[in-house]
Amino acid sequence: MDKKQVAEILEEIGTLLELKGEISFKFQAYFRAARSIDALTDEIDVYVKEGRLREIPGVGEGLAEKITELVTTGKLKYLEELKKSFPESLFQLLQIQGLGPKKVKVLYEKLKIKSVADLEKAARAGTLSNLDGFGEKTSENILKGIEHLKKHSGYSLYSNALAEAEKIITHLSKHPKTIRISIAGSLRRHKEIIRDLDILVSSKNPEAIMETFTTLDSVETVTAKGETKSSVLLKSGIQVDLRVVTDTEFPYALHHFTGSKEHNTAMRARAKQMEMKMNEYGLFKEPSDKLIPCKDEEEIFEKLDLSYIPPELRENMGEIEAGARRAVPLLIEEKDIRGVFHTHSLYSDGAATIEDMAKEAQRLGLKYIGLSDHSRSAAYAHGMEPERIKKQWKEIDEINKRLKGIRILKGSEVDILGDGSLDYDNAILAELDFVIVSVHSRFTMSETEMTKRIIKAIQNKYTTMLGHMTGRLLLGREGYHINHKEIFQAAKDYGVIIELNANPHRFDVDWRYGRDLKELEIKVSINPDAHKVDGIADYRFGVGIARKGWLEKKDVFNTMGLEQIMKFL
DNA sequence: GCCGTTTTCGGCCCGACTGTTTTCAGTCG
């Protein structure tokens, strides 16, 4: 049983306890432990074997015992008992907007409602309003919630969420009553997938802003509208929350609504320790309740005796401790990127000519672009036979002569075949400036086999970097099973770079491994995996993910200038 | 159920909005 499964089970227990009506501190302890376990980089069985479970924040005597039972036997008596009181199908009901544990409990106990289907039937029949605390409006909202649940998965890719947010920001920033405006929430923290959008505005006239916001063309329904907060569902299915505060409150509110929830909780606890109180309206001295003036987020951190913590790091994964030690890394920035690798052209499955791709890279201020069309086995992507790649080299030479200020590097995204060998022979590989090796087939191998396969490819002396390490497609498919530790060790031993694929569908390698890579001094290359001209700029998303993974300029391969890159290659 | 440079017991972050109520519980972030 891996840490993800353990975390899910703890969360399940927490939810069951919540349904049961246990005090919040008890079930929240389960949620907290679940989050810390999910955030571990080592596997959970290591902690069990070495008896180190209690080192995990939020895991005490009781949970350590339960986790040990879970990991060693694969089962947990306590959970089996709990499950007897509530059927698992109730969890679906909790997905419905406006339904929490208390209401779900009533629905189950009074009306024997066990599933979304049961609930829909009851709501339509009008039987819900007989229950205490359920009125006409509640039934209506439940039906709306079910409708929404059916239509939308609930998550969006980062890039799509950003595009929606920017449209709203553009609109609201033109509003004469807007003073300051910012994206907040998980989008500002650059999470890889986004559930809803948070936007913060400061204004002297909140009502006017709310009115404009709730009547935007892109709004499907308004789910809440108050003096300081409104929520809407966009036609695209994304939920947007808007908060409006005074301009004095803006920095505190920005910090608050950027989150994460876990980061905020830890920050408030710190404030409390320092005899201060923190909420979205300010930082206050206790017990006088006097506001501690801060003009921006930087000052808030300062007052709490912390270095500035960039939004991407605010996951309560060690950033506050780092802030206290003045050890927050100076994160990589967009301007540090000097060139990109992993781009495709018409020679394989790309949609643009080599020259157009190069010109776009140049327009973005880059100094080099590494072209890497697919190798021959990649029939799905018009992989190139050796004759065709030789033709491509000629074209690259010719364009390089003509274009000034940008250099096209000759590379390939070479398939890692089933047995770990590469899809071109050494004669071709030796001629290339760089070689990205990637898995594009036989995804369902066992972890052991897949790890062995990838390590064999890493050991090839022509391999420069490993492409999209897990092959995951966000909101699409799970990655293949690998042992990342063994792969990282091999990458270190053989001097191979690990790609951070910046395509918003991938963001692979996961940012959670950033600090492992950094510790091992493995270089990361932020690669757009561009298949068309406007895909090249995706490297910017990758920079956000790299920042989230605590990476600095020195950790990233393509922050090097052309000369250094060529020397390395 | 966890945790401790105020505590080994008694705390545990805090506020907005809705709907169903007459003063607040539930939900959400």
Side-chain angles (χ1 to χ4, degrees), chain A residues 10 13-14 16-36 53-67 78 93-107 128-142 144-145 184-186 189 195-200 206 210 214 222-232 239-245 249 252-253 255-284 286 289 316 324:
Chain A
L10 293 182
I13 296 174
L16 285 167
L17 291 173
E18 202 177 354
L19 278 170
K20 236 181 121 183
E22 283 283 359
I23 58 157
S24 66
F25 305 113
K26 186 164 172 175
F27 61 75
Q28 269 169 7
Y30 279 87
F31 294 142
R32 176 167 181 231
R35 280 191 304 266
S36 345
L53 279 174
R54 297 196 54 180
E55 290 172 17
I56 302 169
V59 176
E61 199 185 338
L63 279 176
E65 212 170 282
K66 291 192 177 78
I67 294 166
Y78 182 66
L93 299 184
L94 291 167
Q95 301 291 312
I96 298 166
Q97 278 279 335
L99 277 193
K102 297 271 165 52
K103 284 207 163 83
V104 167
K105 188 178 181 199
V106 171
L107 287 170
L128 296 185
S129 30
N130 302 334
L131 298 170
D132 277 351
F134 285 74
E136 213 172 292
K137 221 37 206 267
T138 312
S139 296
E140 219 174 277
N141 285 340
I142 285 176
K144 271 191 205 158
S186 56
R189 300 200 313 278
R195 192 196 275 284
D196 49 33
L197 303 179
D198 295 283
I199 294 173
L200 179 69
M210 290 301 178
T214 51
V222 179
T223 48
K225 190 177 174 190
E227 281 169 36
T228 68
K229 177 187 165 181
S230 293
S231 298
V232 300
Q239 179 179 319
V240 191
D241 296 334
L242 176 75
R243 300 291 296 236
V244 185
V245 296
E249 291 161 347
Y252 313 101
H255 177 265
H256 179 88
F257 294 115
T258 296
S260 64
K261 195 173 158 188
E262 292 76 27
H263 169 88
N264 285 354
T265 306
M267 287 286 281
R268 288 197 206 102
R270 182 179 178 87
K272 197 165 180 177
Q273 258 175 28
M274 297 172 72
E275 293 182 338
M276 286 181 261
K277 186 182 83 176
M278 205 177 173
N279 60 29
E280 57 259 63
Y281 300 113
L283 182 65
F284 304 94
E286 295 257 81
D289 238 18
N316 196 27

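In what follows, chains are A, B, ... by sequence order, proteins preceding strands, each numbered from 1. Computed from a predicted structure; not experimentally measured.
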Exercise. Is the backbone N or O of His263(A) less than 3.5 Å from a side-chain atom of Ser260(A), with the two atoms forming a donor-acceptor pair by type?
Worked result: yes
Seminar exercise, completed: note: Ile199(A), atom CD1; dG29(B), atom C1'; distance rounded to Å ~ 15 Å
Exercise. What integer distance in Å separates Arg243(A):CZ from dG29(B):C1'?
Worked result: 8 Å
Exercise. Any idea which of dG15(B), dA16(B), dG1(B) is nearest the Thr228(A) side chain?
Worked result: dA16(B)
For this session: Among the candidates dT20(B), dG29(B), dA16(B), find the nucleotide nearest to the side-chain atoms of Asp196(A).
Result: dG29(B)
Exercise. Nearest to the side chain of Ala29(A), which nucleotide is it out of dG29(B), dG1(B), dT20(B)?
Worked result: dG1(B)
For this session: Could you please name the option among dC12(B), dG1(B), dG29(B) that lies closest to any side-chain atom of Lys26(A)?
Result: dG1(B)
Problem set entry | Nearest to side-chain heavy atoms of Tyr30(A), which nucleotide of dG1(B), dT18(B), dA16(B) | dG1(B)
Problem set entry | Nearest-neighbour nucleotide for the Lys137(A) side chain, dG29(B), dT20(B), dA16(B) considered | dT20(B)
Problem set entry | Pairwise C1' distance, dT18(B) and dT23(B) [rounded to whole Å] | 15 Å
Problem set entry | Min side-chain heavy-atom separation Thr228(A)-Pro206(A) under 4.5 Å | no
Exercise. How do Lys229(A) and Ile23(A) order along DNA chain B: which one's closest nucleotide is nearer the 5' end?
Worked result: Ile23(A)
Exercise. With a 4.5 Å limit on heavy-atom distance, are the side chains of Val106(A) and Phe134(A) in contact?
Worked result: yes
Problem set entry | Distance, rounded to the nearest Å, where His255(A) contributes NE2 and dC14(B) contributes P | 14 Å
For this session: Report the distance from atom NZ of Lys144(A) to atom C1' of dT18(B), rounded to the nearest whole Å.
Result: 12 Å
Exercise. Heavy atoms under 4.0 Å, any strand shown: does Gln273(A) hit a base, just sugar-phosphate, or nothing?
Worked result: nothing
For this session: Would you kindly compare Leu63(A) and Thr265(A) by the position of their nearest DNA chain B nucleotide and give the one closer to the 5′ end?
Result: Leu63(A)
Exercise. Can Asn141(A) and Ile96(A) be said to form a side-chain contact (heavy atoms from CB on, under 4.5 Å), step by step?
Worked result: CA-CA 9 Å; Asn141(A) 285 340; Ile96(A) 298 166; over 6 Å; no
For this session: Could you work out the separation of dC9(B) and dA16(B) based on their P atoms and round it to a whole Å?
Result: 37 Å
For this session: Could you check whether Asn141(A) gets within reach of a base, just the sugar-phosphate, or nothing at all, counting any heavy atom under 4.0 Å?
Result: sugar-phosphate
Exercise. Going through the distances and angles, do Asp241(A) and Lys229(A) end up as a salt bridge (Lys or Arg N to Asp or Glu O under 4.0 Å)?
Worked result: CA-CA 7 Å; Asp241(A) 296 334; Lys229(A) 177 187 165 181; 5.6 Å; no
Exercise. What nucleotide among dG29(B), dC3(B), dT18(B) has an atom nearest to a side-chain atom of Arg32(A)?
Worked result: dC3(B)
What's touching nucleotides 21-27 of chain B from the protein side, N or O pairs under 3.5 Å?
unit_1, atom_1, unit_2, atom_2, d
dT27(B), OP1, Gly100(A), N, 2.8
dT27(B), OP1, Gly100(A), O, 3.0
dT27(B), OP1, Lys103(A), N, 2.8
dT27(B), OP2, Lys102(A), N, 3.1
dT27(B), O5', Gly100(A), N, 3.4

Problem set entry | dC14(B) to dT8(B) separation - P atoms, rounded to the nearest Å | 22 Å
Problem set entry | Rounded distance in Å - CD (Glu61(A)) to P (dG4(B)) | 15 Å
Exercise. Is the side chain of Ser36(A) donor-acceptor paired with the backbone N or O of Ile56(A) at a distance under 3.5 Å, no angle test?
Worked result: no
Exercise. Contact class for Gln239(A) (heavy atom, under 4.0 Å): base, sugar-phosphate, or nothing?
Worked result: sugar-phosphate
Exercise. Quick one: does Thr223(A)'s side chain have a donor or acceptor within less than 3.5 Å of a partner on Ser231(A)'s backbone?
Worked result: yes
Exercise. Separation of Tyr252(A) atom OH from dG15(B) atom P, in whole Å?
Worked result: 15 Å
For this session: Provide the Watson-Crick or G-U wobble partner of dG10(B), both distances under 3.5 Å; none if there is no partner.
Result: dC3(B)
For this session: Round to a whole Å and report the spacing from CG of Asn264(A) to P of dC14(B).
Result: 12 Å
For this session: Check Glu249(A), His255(A), Arg243(A) against Glu280(A) for a side-chain contact (heavy atoms from CB on, under 4.5 Å) and give me the one that passes.
Result: Arg243(A)
For this session: Check every strand shown and say whether Glu280(A) touches a base, only sugar-phosphate, or nothing at a heavy-atom separation below 4.0 Å.
Result: sugar-phosphate
Exercise. Across the strands shown, which category fits Lys105(A) at heavy-atom distances under 4.0 angstrom: base, sugar-phosphate, nothing?
Worked result: nothing
Problem set entry | Asp198(A) side-chain proximity, nearest of dA16(B), dG29(B), dT20(B) | dG29(B)
